[in-house]
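Structure, as structure tokens:
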2 protein chains.
Amino acid sequence: MKITDRQKAVLKKIHDFIIINSYPPTARDVAEMMGFSSPKAATDHFTSLEKKGYIRKNSLARSIKLTDKAFGILKQGYSYFSFPAAAGHAALSYLPLIGNIAAGNPALAYENIDEYIPVPESFTGAYGADFALRVKGNSMIGDHILNGDMIMVKARSTAENGEIVVALINDEAVVKRFYKTENGIELVSSNPDYPPIRINIKDAGDSVKIIGRVVAVHRNI
Amino acid sequence: MKITDRQKAVLKKIHDFIIINSYPPTARDVAEMMGFSSPKAATDHFTSLEKKGYIRKNSLARSIKLTDKAFGILKQGYSYFSFPAAAGHAALSYLPLIGNIAAGNPALAYENIDEYIPVPESFTGAYGADFALRVKGNSMIGDHILNGDMIMVKARSTAENGEIVVALINDEAVVKRFYKTENGIELVSSNPDYPPIRINIKDAGDSVKIIGRVVAVHRNI
DNA sequence: AATATAACTATACATTTGTATAGCATATAG
DNA sequence: CTATATGCTATACAAATGTATAGTTATATT
């Protein structure tokens, strides 16, 4: 279903409020801006806008975020080429770019976070991503993942057959294809120079751990 | 009066929260992040930070703003490009995602723009990008650019030897490696199934046109 | 030595805010 | 023509949130 003119007007007011104040409006703020006498009118619009994918929110105060789709609507007619983002709250996930994954875990311990990278949701697929890593080495070149590429990872402790995963082997993060075997698991490179790593699950103990599935690859040329 | 280490830690937590959530934290959010058992500990810090000019706030929920002074403090230790965008300071560009490049041009006509994609500057390298395209076919698989990948392109009408470019051949956009030859140019695929396209520049007329250089590749898995 | 600032704990209260209930009128889709 | 979505008013309540009171300990500062 398409966005209505009224919903678009509300969306624009939300956007403008964020631009001006640096924080999102409440239902009552929107009601006042739109001239509604009840916050319910605003929250009804929020529900519609969220259903149509233009905003996201939770039940906390001032938690509305605009999505990529919203910015697409709001910026129409702007320019042929790219334009800078104004102050706003695009639905970006800020993924922590993990440096060294330290022994002892958790893998996402605060100390390991070098920086945060703003990543548009459309870049991480349906399930999103939880963190990013920079690839070291060319062991996955057969899957077109190269040294220096940035990968985005959905955190998970298990994997399906054939998925490309990030695993922790003796506290070192590696990218490999995951396969189940009779006795355990196999982590396979897509570069013939690197032999597959076979792990008998009984022997492995805590030395091998799946930490997530690769959902996106990004490379600067 | 100078900012204390503890105040700086609180400031960083506020910053990180905004980065991650796109909306500012409450006193209780900060208390939890810092390990305080009372929101008063957090509001005391707010008062100090505001007095010293690092934040501004009002009495509404989630209304903390970071000042430029705060960003000055927080940026220390971050590289120019990797510094994460915050609300109001997003280092993002909205790239038009070009759908079908229509006959008759211009290649970036407004009608061809399907949507805008927010792309962090760190994703497009030092020179940025002007538009994005989705790759059709596997002619560049040898360069690890696959069917369905999204490429980001810096608009240019010329290219250097060996660069990966987007060219318009008879109104169809193709991705190829660019080489100069004696008589004209050569557009080379990195897939042996596709022969190189040699163009004698005198014959070509307007049928071949370089429209830009590929600066980044993105793939969802 | 006295005083102010910093850095908190623990509890309480008032306001802000999300959200629900109940209803009405109009437009749109099947 | 009927059902559904849209677009509101009016009121109320519970949860989230800002902020105050009262106190403790440590560290500067004068």
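Throughout, a chain's letter reflects where its sequence line sits, starting with A, and its residues are numbered from 1.
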Kindly determine whether A:T4 and A:K52 satisfy side chain to side chain contact (heavy atoms under 4.5 Å, CB included), including the steps that lead there. CA-CA 10 Å; A:T4 67; A:K52 292 179 181 181; 4.2 Å; yes
Separation of C:dG18 atom P from A:E32 atom CD, nearest Å, is 14 Å
Query raised in the report: If only side-chain N and O atoms of A:Q7 are considered, is one of them under 4.0 Å from the OP1 or OP2 phosphate oxygen of D:dA5?
Result: no
Notebook entry, point to check: Under 4.5 Å between any side-chain heavy atoms of A:I164 and A:K176, yes or no?
Noted result: no
Check your understanding: So do the side chains of B:I18 and B:P25 get within less than 4.5 Å of each other, counting heavy atoms only?
Key -> yes
Separation of C:dA6 atom P from B:Y54 atom OH, nearest Å, is 12 Å
Report all side-chain donor-acceptor pairs from residues 145-156 of chain B shorter than 3.5 Å, counting only partners two or more places apart or in another chain.
| from | atom 1 | to | atom 2 | distance (Å) |
| --- | --- | --- | --- | --- |
| B:N147 | OD1 | B:G137 | N | 2.8 |
| B:D149 | OD2 | B:L146 | N | 2.8 |
| B:D149 | OD2 | B:R219 | NH1 | 2.7 |
| B:K154 | NZ | B:Y127 | O | 3.2 |
| B:R156 | NH2 | B:E163 | OE1 | 2.9 |
| B:R156 | NH2 | B:E163 | OE2 | 3.4 |

Whole-Å distance, B:K51 NZ to C:dA4 P, equals 13 Å
Are B:N58 and B:S63 linked by a side-chain donor-acceptor pair shorter than 3.5 Å?
yes
A correct 5'-to-3' footprint of nucleotides 8-18 of chain D, with B, S and - meaning base, sugar-phosphate only and no protein heavy atom under 4.0 Å, is BBBBB---SBB
Atom CD1 of A:I3 and atom P of D:dT6 are separated, to the nearest Å, by 11 Å
I'd like to know if the side chain of B:D29 pairs up with that of B:Y23 as donor and acceptor (distance under 3.5 Å, no hydrogens or angles considered).
no
From CG of B:D5 across to P of D:dT27 the rounded distance in Å is 14 Å
